[in-house]
Amino acid sequence: MVVVATHIVQHPLAQHLLTELRNRETEPSRFRQLAWTLSTLLILEATSGVSLSSRLIETPLEPYEGQVLEHGLAIVPILRAGLSMLEPGLQLLPDVAVGYIGLERSHETAIASSYYCKLPNLSGRFTVLVDPMLATGGSAAQAATLLKFHGAEKLVMACVIAAPEGIGAFEKAHPDVPVFTAAVDRELNGQKYILPGLGDYGDRLYGTL
Ligand code: PRP
Ligand code: URA
């Protein structure tokens, strides 16, 4: 099977926002604002491959053959940190269905276990899986498997920071699913945190440090 590429969002604003997110001095309220804007950029980029179909409408002056999205969309955050990418997606995307996948990594093994899953039928929808951190890739790979089981065919993954190890593991499990990210960092540490990274995204978002 063809392996699709990892896309690094090139907009300078994405790098500016990410640097502020990484800064340990950034407080949760500011972190949430930055996360919102950066997620908007990421989701825009991740949905750049949606197909269009033509639609005839009337402007106030004459008929016009315009273009509209051919298929509905779906957005699925991985709880809990992925919730920060949901609202920006809902603001941006028309006709969007929402699913939720709850996964939590063990602090000892870094293996994610599932505690919640509620998904719409995804067949025929362009589906965006969102989770800000792709570390070992275990959570995203499990989630993508669930999404395919629920009918997802056109599937993309959007994250804020990816580790090379996570990209490798995710590509191996789902070579057909492109990853859109603001950065590919250096490596994972012994506890499977991304370096340089930004720490624990969920904790920084919700102040649970
Ligand atoms: C974080 C993050 C991802 C996962 C990435 O979630 O939001 O879901 O770790 O790690 P992986 O690629 O090694 O699987 P965490 O399990 O800490 O839960 P939280 O979102 O509730 O903080
Ligand atoms: N989850 C996070 O929130 N941060 C990491 O660096 C790795 C996993």
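Note that ligands are numbered from 1 as they come in the structure, with each ligand's atoms numbered from 1 the same way.
Summarising the geometry, atom CD belonging to Glu70 is positioned 8.0 Å from atom CG belonging to Leu52; distances are rounded to the nearest 0.5 Å.
The closest approach between Met133 and ligand 1 falls below 4.0 Å for a heavy atom of the residue. Ligand 1 is approached by Gly137 to a heavy-atom distance shorter than 4.0 Å.
Of all atoms in ligand 1, numbered sequentially from 1 with element shown, those under 4.0 Å from a heavy atom of Ala135 are 10 (O), 11 (P), 12 (O), 13 (O). The Ala81 neighbourhood of ligand 1 comprises atoms 7 (O), 20 (O), with distances under 4.0 Å to a heavy atom of that residue. Applying the 4.0 Å criterion to heavy atoms of Lys192 picks out, from ligand 2, the atoms 7 (C). Shown in contact with Tyr201 at under 4.0 Å from a heavy atom are these atoms of ligand 2, numbered in order with element: 2 (C), 3 (O). Per-residue contacts place Glu104 under 4.0 angstrom from the following atoms of ligand 1 (heavy atoms of the residue considered): 16 (O). Close approach to Ala135 involves these atoms of ligand 2, each under 4.0 Å from a residue heavy atom: 7 (C), 8 (C).
Residue, atom and distance of the protein heavy atom nearest to atom 4 (C) of ligand 1 are Ser139 OG, 3.6 Å. Of all protein heavy atoms, the one closest to atom 10 (O) of ligand 1 is Arg105 CD, 3.1 Å. Considering only non-hydrogen protein atoms, atom 7 (O) of ligand 1 sits nearest to Asp131 OD1, 2.9 Å. Closest to atom 11 (P) of ligand 1, if we only count protein heavy atoms, is Thr136 OG1, 3.4 Å.
Taking each of Lys192, Arg80, Arg204 in turn, the one with a heavy atom nearest to atom 21 (O) of ligand 1 proves to be Arg80. Closest to atom 18 (O) of ligand 1 by heavy atom, among Ile78, Val160, Leu103, Asp200, is Leu103. Here atom 2 (C) of ligand 2 lies nearest to Met133 when heavy atoms of Gln191, Arg204, Met133, Arg80 are compared.
Looking at ligand 2, you'll find an N or O of Ile194 within less than 3.5 Å of one of its N or O atoms. Residue Gly199 has at least one N or O atom closer than 3.5 Å to an N or O atom of ligand 2. Residue-to-ligand polar distances keep Tyr193 apart from ligand 2: every N/O pair is separated by 3.5 Å or more.
Other residues, nucleotides and ligands contribute only 12 or fewer heavy atoms inside 6.0 Å of the NZ atom of Lys192. The local environment of CZ in Arg186 is crowded, with over 12 non-hydrogen atoms from other residues, nucleotides or ligands closer than 6.0 Å. With a 6.0 Å radius and a threshold of 12 heavy atoms from other residues, nucleotides or ligands, Tyr115 has its OH atom above the threshold.
A donor-acceptor pair under 3.5 Å is absent between the side-chain atoms of His71 and the main chain of Val50, judged by distance alone. Between the side chain of Arg204 and the main chain of Phe31, no donor-acceptor pair closer than 3.5 Å is present. Side-chain N or O atoms of Ser54 include none that pairs as donor or acceptor with a backbone N or O of Gly66 at under 3.5 Å.
At least one test fails for Arg105 against the ring of Tyr201: distance under 6.0 Å to the centre or angle within 45° of the axis.
For Asp203 and Arg80, the salt-bridge test passes: some basic side-chain N is under 4.0 Å from an acidic carboxylate O.
Counting heavy atoms under 4.0 Å from ligand 1, residue Ala112 does not touch it at all. Looking at Arg105 against ligand 2, only its side chain comes within 4.0 Å, counting heavy atoms.
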Inset, instruction - Walk me through it: do Asp176 and Glu153 pass the test side-chain contact (heavy atoms from CB on, under 4.5 Å)? - result: CA-CA 9 Å; Asp176 54 324; Glu153 288 155 16; over 6 Å; no
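Two different hydrophobic clusters hold Val96 and Trp36 under the rule that ILVMFWY side chains link at heavy-atom gaps under 4.5 Å.
Residues Val130 and Ser39 have side chains not in contact (no heavy-atom distance under 4.5 Å, counting atoms from C-beta outward).
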